[in-house]
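Excluded from the calculations below are hydrogen atoms, water molecules and symmetry mates; all remaining heavy atoms, backbone and side chain alike, are included.
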Amino acid sequence: MPKDGLARRNWITLALLAAAAGAAGCAPTSFFVHRPLSTVWLGLAVGALALFAPRILKKKMSAADFAFEFAEMFAYSAVMGVFWLFIYGAFFATGAIIHLVSGYLFGGGWPRDAGTFAYWVTFPFMIALSLGVAGTYWERLRQRVTSGDAPGIALISRSPIAGVFAVLFAFAVYELGLALVIRRWPLFGLGLLQLSLPLISLPFWRPGGASNSGDARKAIGNLFTACGYAVTLQPRMGDEKTDALLKPLDLFAQGQSSSFALRVIASSADTADWTAASGLRSAVSAYASEPAEVQSWVVLLGIRPDTSLVEFGVKESVKVLALPDAELVQLAKNETQILALQQLALKYLNLRPDRKAAAAVNA
């Protein structure tokens with residue numbers, strides 16, 4: 001299938017999944033407040049937002065990839081449903097209090113129905129909030145695609161699939177038991193179901209800061225550029241087989257006296273294991289003309305290396321650096337402050353300017 005046709009198919013599929021996820025995530029609260037049609041309106045609103053989404057995903061995606069994309073959208077929607085449940089309760093209580101006070105002062109209570117009052121105050125807000133969250137999803141997808149990160153199941157590599165389904169099975173048993181125990185209190189059951197949905201979807205939340213990976217690579221690249229190195233972000237050679245080997249290589253910095261090959265990982269995970277460095281040396285061999293003279297680094301932003309990564313780095317001659325995340329990325333975004341960037345490079349990377357090349361940069 002041509003890439004444009006594939007992008008259109010992916011876009012239509014993701015739009016339909018977004019609508020389904022938007023409806024499913026908030027469904028328990030919709031039934032809880034006796035407004036089941038709210039599920040339909042939320043789903044249609046979230047799905048319609050896809051009309052403004054860019055059709056740039058031109059990679060073939062499997063059913064499993066789409067399932068994990070749906071899981072991420074569903075996770076966001078479930079959290080929105082929980083938020084709606086709480087603000088509905090707050091306005092329901094407010095409406096009930098106003099009803100009592102106005103009845104006492106004026107002899108006629110307003111609003112007459114606290115539930116209707118709470119619904120019409122909170123539902124428009126939920127529509128707007130759901131659209132904002134859906135827009136965030138499409139923007140994150142665009143950033144993942146343009147920065148080279150694969151969509152779908154490839155981003156779940158840090159969460160063992162067996163563990164994901166074990167958690168799902170445990171919560172499925174919980175929900176079944178809940179339905180059997182409280183079958184006489186369906187509203188209470190729906191409320192608990194809504195509260196449990198984000199927990200059910202927790203294993204599908206992105207393990208890595210994919211939306212920050214492009215900024216992180218660019219920030220580290222700015223440090224090398226300020227020190228006089230010619231920086232190439234996500235080097236590729238145009239050959240499909242060779243480029244597959246280059247995926248672990250996020251940045252190549254070439255100087256007159258030394259060169260560096262980096263994998264830059266920005267993640268929300270606590271630790272990174274040996275797989276963070278696997279494949280980097282092979283990528284260097286495939287890309288560099290003199291791989292023996294290239295220093296290989298794994299730069300972790302906001303993550304701690306575990307023992308396996310440290311041992312792997314020593315064995316494979318790969319340097320592992322653990323750096324602060326947001327602080328470094330923000331400070332290194334300014335490409336014009338060469339001296340400040342050089343100071344950051346010395347502080348965080350212990351990197352000094354390549355004198356000949358740096359002179360050309362500062363000229």
Side-chain angles (χ1 to χ4, degrees), residues 1-28 39-81 130-169 171-172 175 196-214 240 243-244 247 267-269:
M1 181 182 292
K3 287 187 175 181
D4 289 342
L6 191 60
R8 188 182 307 110
R9 191 199 73 173
N10 289 338
W11 172 75
I12 292 173
T13 304
L14 288 173
L16 294 174
L17 290 178
C26 293
T39 297
V40 177
W41 305 135
L42 281 166
L44 289 176
V46 171
L49 188 67
L51 294 173
F52 304 96
R55 306 175 194 184
I56 57 175
L57 182 53
K58 300 180 180 181
K59 297 179 180 180
K60 186 176 181 180
M61 294 179 66
S62 66
D65 290 328
F66 283 120
F68 276 88
E69 290 297 324
F70 172 81
E72 181 180 35
M73 292 185 279
F74 173 78
Y76 293 155
S77 181
V79 172
M80 292 302 98
S130 296
L131 289 175
V133 170
T136 299
Y137 166 78
W138 287 106
E139 175 60 19
R140 291 186 71 240
L141 179 64
R142 184 193 66 78
Q143 290 179 351
R144 294 205 308 271
V145 173
T146 56
S147 64
D149 290 319
I153 201 171
L155 289 178
I156 315 297
S157 58
R158 292 181 187 273
S159 297
I161 299 301
V164 170
F165 286 103
V167 173
L168 286 177
F169 178 75
F171 273 101
E175 294 296 345
S196 66
L197 284 181
L199 295 178
I200 294 174
S201 58
L202 184 62
F204 296 103
W205 284 79
R206 298 295 181 186
S211 62
N212 295 325
S213 58
E240 186 174 349
D243 288 348
K247 285 184 178 180
S267 173
S268 59

To the nearest 0.5 Å, what is the distance between CD1 on Ile12 and CG on Leu17?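 One gets 12.0 Å once the value is rounded to the nearest 0.5 Å.
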Roughly how far, to the nearest 0.5 Å, is the CZ atom of Arg9 from the CG atom of Leu14?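 Answer for the CG-CZ pair, Leu14 versus Arg9, is 10.0 Å.
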Is Asn10 close to Phe66 at the side-chain level, that is, under 4.5 Å between some pair of heavy atoms? yes
Give the minimum heavy-atom separation between [X] and [Y], together with the two atoms involved.
X      : Y     : value
Val46  : Gly22 : CG2-CA, 4.4 Å
Ser77  : Ala21 : OG-O, 3.1 Å
Gly135 : Leu49 : N-CD2, 3.3 Å

